[in-house]
Amino acid sequence: MLDGPFNIRQLLRIDEALAAADERTGLTFSVYVGSLHEPTVGAARGLHDRLADPANSILIAVSPQQRKLEIVTGENVVRRIPDRNAALAALSMTASFGGGDLTRGVVEGLRMLADQAAP
């Protein structure tokens, strides 16, 4: 039994989107869905710092219960995905979240961020 907001089909969609983003950009994309302690941006940065290669990684952290979304980019990623572009992806994601579609929001956000980071 799955313990979380996604069923198996949704997890597969997100996994495919993650793999496609990684392959297309050469960066490492990660998604975290769950509670974030306050301040949420600090919690998301802490999760990002624990990734294997934070400098070349991007983390999308979503806390549906808190209605929070944080996108953290590594020092090499921010050159390819400026904060302004990450904010645009976040707006698109929150629109999907507001419509009740967490999976679509995550997948769309991954696609938009990968489009920005593609060489």
If you look only at distance, which donor and acceptor atoms sit under 3.5 Å apart when one is on a side chain in residues 26-47 and the other is two or more places apart or in another chain?
from, atom 1, to, atom 2, distance (Å)
Tyr32, OH, Ser35, O, 2.8
Thr40, OG1, Glu70, OE2, 2.7

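- Looking only at distances, a side-chain donor or acceptor of Thr94 sits under 3.5 Å from a matching main-chain atom of Leu91.
- In terms of heavy-atom proximity, Thr25 sits nearest to Ala118 at CG2-N, 4.0 Å.
- Counting all heavy atoms, side chain and backbone alike, Ile81 lies closest to Gln116 at CG1-CB, 4.2 Å.
- Note that the CG atom of Leu18 and the CD atom of Glu16 stand 10.5 Å from one another [nearest 0.5 Å].
- Of the inter-residue distances, the one linking Leu59 atom CG with Asp49 atom CG reads 10.0 Å to the nearest 0.5 angstrom.
- Residue Ile58 is tested with Asp22, Leu51, Leu110, Val77 for a side chain to side chain contact (heavy atoms under 4.5 Å, CB included); the sole match is Val77.
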Just list the side-chain donor-acceptor pairs under 3.5 Å for residues 96-103, sequence neighbours left out, or say none.
from, atom 1, to, atom 2, distance (Å)
Asp101, OD1, Arg104, N, 3.0
Thr103, OG1, Gln10, NE2, 3.4

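- Hydrophobic clustering (side-chain heavy atoms under 4.5 Å, transitive across Ile, Leu, Val, Met, Phe, Trp, Tyr) keeps Met112 apart from Ile14.
- For Asp115, the salt bridge (Lys or Arg N to Asp or Glu O under 4.0 Å) test picks out Arg24, Arg111, with sequence neighbours left out.
- How far NE2 of His48 is from CD1 of Ile60: 11.0 Å, rounded to the nearest 0.5 Å.
- In the hydrophobic clustering of ILVMFWY residues, with side-chain heavy atoms under 4.5 Å counting as a link, Val78 and Leu88 come out apart.
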